[in-house]
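Below, all heavy atoms of this structure are taken into account, side chains as well, without hydrogens, waters or symmetry copies.
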Amino acid sequence: MTSTPHHDGTTGEPEPFRLREAGAADAAAITAVFLASRGAALPYLPRLYSDEETLGFFEHVVLPSSTVWVAEQGEPARIVGFAALDKTVLDHLYLHPDVRRRGIGTALLETVKRASPEELSLHCFQRNTDARAFYERHGFTAGEFNDGSRNEENEPDVTYHWTAR
């Protein structure tokens, strides 16, 4: 077995992670992951809200109205990813840029699928080819393509669907 380099320069197995349901106290860490992820993976998106407004969105909208899971690593635990499910819609799945491609996104998605075992849908920006490939690898199919008129960023997106087989 070969060792893979880590973001900190060491080699070895990826650091283990844990999933748990999020609580109100996780809002700041979730916001930090969201901002870092979008900044790294989606630099073309306009910043429509301040960091404080984004925190308020997660505190007062996402966490109270959705089921949210976080992935955490290390001691003390650091939140490195999260997923938010609103009924059968996966509203958010974001990873901190330094933990991508380590199975964390897959574990979060599998948790969401268990919570909505019949069907899921989500919107993904068309230019986010990494995310689109991820969802397609996990059995989602592209449905409606939109010109961006249904999202705040006015960025063309696509609706993905997954149904239990």
Side-chain angles (χ1 to χ4, degrees), residues 6-8 14-116 120-135 138 140 146-160 162:
H6 289 272
H7 64 278
D8 62 2
E15 185 177 353
F17 60 89
R18 297 166 298 288
L19 301 183
R20 64 171 173 81
E21 208 162 316
D26 297 317
I30 288 169
T31 301
V33 168
F34 176 83
L35 293 170
S37 180
R38 281 176 66 116
L42 309 168
Y44 50 84
L45 289 181
R47 283 286 308 264
L48 301 175
Y49 301 100
S50 69
D51 292 1
E52 294 76 21
E53 290 168 324
T54 303
L55 173 60
F57 172 70
F58 282 103
E59 279 181 323
H60 303 296
V61 177
V62 175
L63 283 164
S65 66
S66 301
T67 304
V68 181
W69 296 270
V70 295
E72 54 188 13
Q73 286 183 321
E75 293 299 330
R78 173 179 86 112
I79 291 176
V80 297
F82 72 97
L85 178 67
D86 183 5
K87 298 177 185 67
T88 62
V89 177
L90 177 58
D91 274 339
H92 301 280
L93 196 163
Y94 287 92
L95 299 177
H96 194 278
D98 66 2
V99 299
R100 291 183 61 203
R101 299 187 184 346
R102 298 189 187 172
I104 297 170
T106 296
L108 284 165
L109 185 58
E110 292 302 320
T111 298
V112 170
K113 283 181 172 180
R114 283 192 298 277
S116 181
L120 281 172
S121 65
L122 61 95
H123 298 295
C124 185
F125 295 116
Q126 290 180 31
R127 285 201 275 176
N128 192 351
T129 55
D130 286 350
R132 291 181 63 189
F134 170 80
Y135 291 120
H138 289 283
F140 285 77
N146 183 274
D147 64 4
S149 59
R150 69 176 163 204
N151 63 63
E152 292 181 301
E153 296 86 356
N154 294 308
E155 178 70 24
D157 65 16
V158 56
T159 303
Y160 275 92
W162 171 83

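- Taking the side chain as every heavy atom from C-beta outward, Asp130 and Arg100 approach each other to under 4.5 Å.
- Between Glu15 and Arg78 there is no salt bridge, since no side-chain nitrogen of the basic residue lies less than 4.0 Å from a carboxylate oxygen of the acidic one.
- Taking the side chain as every heavy atom from C-beta outward, Arg20 and Ile79 approach each other to under 4.5 Å.
- When all heavy atoms of Pro43 and Ala40 are compared, the closest pair comes out as CD-O, 3.8 Å.
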Give the intermediate values and the outcome of side chain to side chain contact (heavy atoms under 4.5 Å, CB included) for residues Leu108 and Leu95. CA-CA 10 Å; Leu108 284 165; Leu95 299 177; 4.0 Å; yes
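- Expressed to the nearest 0.5 Å, how far CG of Asn128 lies from CZ of Arg132 amounts to 9.0 Å.
- Distance check: Asp157 CG to Cys124 SG gives 8.5 Å after rounding to the nearest 0.5 Å.
- Side-chain contact between Ile30 and Val62 is absent, with no heavy-atom pair separated by less than 4.5 Å.
- Atom-to-atom distance recorded for Leu85:CG and Thr67:OG1 is 5.5 Å, nearest 0.5 angstrom.
- Phe58 pairs in a ring-ring contact (aromatic ring centres under 6.0 Å, His included) with only one of the listed residues (Phe34, Tyr49, Tyr94), which is Phe34.
- Counted by atom type alone, Arg150 and Thr159 present one or more donor-acceptor pairs between their side chains at under 3.5 Å.
- When the options Arg47, Arg127, Arg38 are evaluated for a salt bridge (Lys or Arg N to Asp or Glu O under 4.0 Å) with Glu153, the one that passes is Arg38.
- Between Val99 and Gln73 there is a side-chain heavy-atom pair separated by less than 4.5 Å.
- Atom CG of Leu42 and atom OG of Ser37 lie 6.5 Å apart (nearest 0.5 Å).
- Looking at Phe125 and Asn151, their side chains come closer than 4.5 Å, going by heavy atoms from C-beta outward.
- Using cut-offs of 30° and 60° for the angle between ring planes, the Phe140 and Trp162 rings count as tilted.
- The shortest side-chain heavy-atom distance between Ile104 and Val80 falls under the 4.5 Å cut-off.
- In this structure, Ala84 and Leu90 approach most closely via the heavy-atom pair O-CD1, 3.5 Å.
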Trace of the side chain to side chain contact (heavy atoms under 4.5 Å, CB included) decision for Leu35 with Thr54: CA-CA 8 Å; Leu35 293 170; Thr54 303; 4.2 Å; yes
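- A donor-acceptor contact shorter than 3.5 Å is absent between the side chain of Asp26 and the backbone of Ala29.
- Remark: the backbone N or O of Ala28 is not paired with any side-chain donor or acceptor of Glu59 at under 3.5 angstrom.
- For the residue pair Leu19 and Ala71, the shortest heavy atom distance occurs at CD2-CB, 3.5 Å.
- Between Val158 and Gln126, the shortest heavy-atom contact is N-CG, 4.1 Å.
- Thr31 contributes atom OG1, which lies 4.5 Å from atom CG of Leu55 (distance to the nearest 0.5 angstrom).
- No hydrogens or angles considered: a donor-acceptor pair under 3.5 Å links the side chains of Arg114 and Thr111.
- A cation-pi geometry, defined here as NZ or CZ lying under 6.0 Å from the six-membered ring centre and within 45° of its normal, does not hold between Arg102 and Phe17.
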